[in-house]
Amino acid sequence: MQLLLLLFVTQRASAQNKIQITSFQRMETDVTARITAPLKDQNGEVCALIRIVTTDKNFMFEPDALGIVARENKPGEIWLYVPRGARRISIMHEKYGVLRNYFYPDIIEKAVAYEMELSAGDGTEPVAADTNMQLLVMRPEPATADIYIDDEKMPTEKGLFTATMKKGTHTYRVEAPMYAPDAGIIDLGSEQKIMSVTLKPRFGYMEIFSLPEEDANVYIDNELVGKTPYKSDRLPLRDYRVKVEKDLFFPQDTLLTVSPGATTGYTFKLVSTIKPKEPRRTLVMLEAGWHPSQTSFGAMVAMVANNGAYVRFRSDFGSVSADLECDDTGALTAGGSGTPYYKEGVSKKARMSITAGYMRRIAKPLYAYIGAGYGNRALAWETVEEELVKNTDHSATGIAAEIGAIARLGKFAVSVGCQTVNFKYLELSAGVGFFF
């Protein structure tokens with residue numbers, strides 16, 4: 001039994017060995033699969049092509065799970081189109097048996113041609129054809145370019161020129177509108193010639209943007225071409241005057257240069273014709289008032305944008321209480337009569353005012369203010385009996401009026417002004433403060 005099994009295996013191996021693959025290689029220069037005779041699988045991908053060199057067309061093939069897309073019998077060859085990723089194949093023949101599960105030694109890639117040489121045990125070998133012709137494939141960029149070979153314009157199909165030409169030296173020239181032409185010499189020898197010719201552009205593009213708003217009209221050399229964001233078609237290489245216009249914004253223009261094959265971009269920063277509303281700010285100031293005989297201190301708080309209001313308080317923080325009054329000569333005018341004896345150079349003073357008013361911005365860094373309120377200023381002389389006598393010629397009580405200006409330097413502010421009480425007492429003032 002073992003002897004019969006060994007004989008059966010030997011006979012089967014002998015039959016299978018009649019079919020041998022003597023060579024399998026990737027054909028780097030073969031463009032059949034991707035250019036001259038491409039074929040797509042059910043997924044829309046370009047198939048790989050296995051060119052099986054044999055004169056016997058009775059071979060049958062069993063693929064792996066990916067299948068065979070198509071078979072074509074060619075002179076001296078059988079062409080098998082297989083999907084990308086195919087791993088193995090079985091080869092069958094009625095006379096020579098089966099070569100089962102042959103694993104491809106190379107990765108099967110899409111649009112690539114491979115050559116497989118078969119030996120079927122009868123001595124059949126492929127015969128190489130001797131020819132003086134060679135394949136030339138040229139792909140221009142752009143695909144619409146005109147191709148000239150030996151000064152003769154050649155037809156192209158889908159952006160590709162393919163021809164079988166006599167071996168030797170040929171001239172070529174590739175031309176297209178708005179591109180620099182390219183020319184040279186082709187030497188067709190023993191190998192196929194596959195080449196790409198990329199022309200250098202003689203044009204560029206322009207992209208125009210506008211901020212903070214879009215939809216601004218774009219003018220190139222005074223011609224309306226669109227709205228922002230705008231991208232041009234091909235433009236010849238030169239300088240262009242670009243202008244944008246939009247309602248409620250100032251028009252702007254600039255000079256832009258278009259470079260070969262590049263996109264020149266520019267963003268216009270639009271400036272509104274409507275002045276933005278000035279935010280309301282708080283001003284706090286510390287002030288000092290000056291009179292030749294007296295100094296006072298106070299503070300001012302204002303709320304202001306272009307217009308505003310303020311309140312102010314000022315005092316020397318002193319007080320005067322007198323039942324007697326006199327004039328500038330010292331003679332009593334109320335509370336008694338005669339002229340008392342006064343201590344030399346001894347007096348008391350008091351100063352206080354509360355005012356409010358209006359502020360207005362008259363220039364970018366300058367504000368003016370005017371206001372009114374209540375004010376009091378008292379001057380009293382002390383007698384030798386230590387009584388206080390109010391000098392009515394140098395005292396005032398009633399309406400306080402004021403006017404002044406404030407200069408702003410960033411958040412810092414300084415002020416100057418003057419204040420009067422009943423237009424009888426006048427005091428100059430100055431202050432420093434901050435805007436918040």
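Lys110 places none of its side-chain heavy atoms less than 4.5 Å from the side chain of Cys47. Using a 4.5 Å heavy-atom cutoff, the side chains of Tyr219 and Val242 are not in contact. In this structure, Val311 and Phe313 have side chains that are not in contact, with every pair of non-hydrogen atoms separated by 4.5 Å or more. For the pair Leu270/Phe250, no side-chain contact is recorded, criterion being any heavy-atom separation below 4.5 Å from C-beta on. Counting heavy atoms from C-beta on, the side chains of Tyr367 and Ile362 never come closer than 4.5 Å. Tyr104 is listed as a side-chain neighbour of Ile89, based on a closest heavy-atom distance under 4.5 Å. Side-chain contact between Ile50 and Phe24 is present, with at least one heavy-atom pair separated by less than 4.5 Å. Looking at heavy atoms from C-beta onward, Ile78 lies in side-chain contact with Arg71 at the 4.5 angstrom threshold.
Interatomic distance, CD of Glu77 versus OG1 of Thr55, reported as 11.5 Å (0.5 Å rounding). Here the CG-OH distance, from Leu235 to Tyr240, works out to 4.5 Å after rounding to the nearest 0.5 Å. Summarising the geometry, atom CG belonging to Asp182 is positioned 11.0 Å from atom CD1 belonging to Ile147; distances are rounded to the nearest 0.5 Å. Taking CD1 from Ile274 and CZ from Phe249, the interatomic distance works out to 8.0 Å, rounded to the nearest 0.5 Å. Taking CG from Leu283 and OH from Tyr369, the interatomic distance works out to 10.5 Å, rounded to the nearest 0.5 Å. Considering CD1 of Ile21 and CD of Glu117, their distance stands at 11.0 Å, rounded to 0.5 Å.
Contact detail for Ala48 and Ile108: the closest heavy-atom pair is CB-CG2, 3.6 Å. Between Ala378 and Val320, the shortest heavy-atom distance links the atoms CB-CB, 4.1 Å. Residues Pro140 and Met138 come closest through the heavy atom pair CD-O, 3.7 Å. Annotation for Thr169 and Ile185: closest pair CG2-CG2, 3.2 Å, computed over non-hydrogen atoms. When every heavy atom of Tyr310 is checked against every heavy atom of Tyr358, the shortest pair comes out as CE2-N, 3.6 Å. Nearest heavy-atom pair across Lys349 and Leu379 is CG-CD1, 3.6 Å.
Checked by atom type and distance alone, the side chain of Asp150 pairs as donor or acceptor with a backbone atom of Thr171 at under 3.5 Å.
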Output side-chain donor-acceptor pairs under 3.5 Å for residues 186-213, partner residues at least two apart or in another chain, one line each.
| unit_1 | atom_1 | unit_2 | atom_2 | d |
| --- | --- | --- | --- | --- |
| Ser210 | OG | Glu213 | O | 2.6 |
| Ser210 | OG | Thr228 | OG1 | 2.7 |

Hey, can you pull the donor-acceptor pairs under 3.5 Å for the side chains in residues 405-430, sequence neighbours left out?
| unit_1 | atom_1 | unit_2 | atom_2 | d |
| --- | --- | --- | --- | --- |
| Arg408 | NE | Gly410 | O | 2.8 |
| Ser415 | OG | Gly431 | N | 3.2 |
| Gln419 | OE1 | Arg351 | NH2 | 2.3 |
| Gln419 | OE1 | Ser353 | OG | 3.0 |
| Gln419 | NE2 | Glu402 | OE1 | 2.7 |
| Thr420 | OG1 | Phe423 | N | 3.1 |
| Thr420 | OG1 | Tyr425 | O | 2.9 |
| Asn422 | OD1 | Ile399 | N | 3.2 |
| Asn422 | ND2 | Thr397 | O | 2.6 |
| Lys424 | NZ | Thr392 | O | 2.5 |
| Lys424 | NZ | Ser395 | O | 3.1 |
| Tyr425 | OH | Glu427 | OE2 | 3.2 |
| Glu427 | OE1 | Ser296 | OG | 3.1 |
| Glu427 | OE1 | Arg314 | NH1 | 3.1 |
| Glu427 | OE1 | Arg351 | NH2 | 3.2 |
| Glu427 | OE2 | Ser296 | OG | 3.1 |
| Glu427 | OE2 | Arg351 | NE | 3.4 |
| Ser429 | OG | Gly417 | O | 3.3 |

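Under the side-chain hydrogen bond (donor to acceptor under 3.5 Å, both in side chains) criterion, the residue pairs touching residues 252-262 are Asp239-Thr257, Arg241-Asp253, with sequence neighbours excluded.
Taking the six-membered ring for Trp, Tyr172 and Phe161 have ring centres at least 6.0 Å apart. Phe268 has its ring centre less than 6.0 Å from the ring centre of Tyr266.
Arg377 has no carboxylate O lying under 4.0 Å from a charged side-chain N of Asp316, or vice versa, which leaves the two without a salt bridge. Lys40 has no carboxylate O lying under 4.0 Å from a charged side-chain N of Glu45, or vice versa, which leaves the two without a salt bridge. Taking the charged nitrogens against the carboxylate oxygens, Glu175 and Arg173 do have a contact shorter than 4.0 Å, which makes a salt bridge. We find that Lys153 and Asp146 are joined by a salt bridge, their nearest charged nitrogen and carboxylate oxygen being less than 4.0 Å apart.
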Walk me through whether Lys227 and Asn217 qualify under side-chain hydrogen bond (donor to acceptor under 3.5 Å, both in side chains). CA-CA 5 Å; Lys227 294 180 178 291; Asn217 290 332; 2.6 Å; yes
What verdict does the side-chain contact (heavy atoms from CB on, under 4.5 Å) test give for Leu80 and Ile52, after you've listed the backbone C-alpha separation in whole Å, the side-chain angles of each residue and the deciding distance to 0.1 Å? CA-CA 8 Å; Leu80 295 183; Ile52 301 174; 3.5 Å; yes
Take Leu118 and Thr22 through the test side-chain contact (heavy atoms from CB on, under 4.5 Å) and record every step on the way to the result. CA-CA 6 Å; Leu118 282 181; Thr22 60; over 6 Å; no
Test side-chain contact (heavy atoms from CB on, under 4.5 Å) on Val225 and Tyr230 and set out the steps. CA-CA 8 Å; Val225 294; Tyr230 169 77; 3.6 Å; yes
Any chance you could lay out the side-chain contact (heavy atoms from CB on, under 4.5 Å) test for Ile68 and Phe61, step after step, and finish with the verdict? CA-CA 9 Å; Ile68 294 175; Phe61 303 92; 3.9 Å; yes
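The number of heavy-atom neighbours closer than 6.0 Å to CD1 of Ile107, taken from other residues, nucleotides and ligands shown, is 12 or below. Taking a 6.0 Å sphere around NZ of Lys57, one finds it holds more than 12 heavy atoms contributed by other residues, nucleotides or ligands. By the neighbour-count criterion of 12 heavy atoms within 6.0 Å, atom CG of Asn73 is densely surrounded, having more than that number from other residues, nucleotides or ligands.
For Glu109, the salt bridge (charged side-chain N to carboxylate O under 4.0 Å, His left out) criterion is met by Arg26, not counting sequence neighbours. Among residues two or more places apart in sequence or in another chain, the salt bridge (charged side-chain N to carboxylate O under 4.0 Å, His left out) test is passed with Lys243 by Glu245. By the salt bridge (charged side-chain N to carboxylate O under 4.0 Å, His left out) test, Asp30 is found to be paired with Arg51, residues two or more places apart in sequence or in another chain being considered.
The aromatic rings of His93 and Tyr96 sit tilted, their planes meeting at an angle between 30° and 60°.
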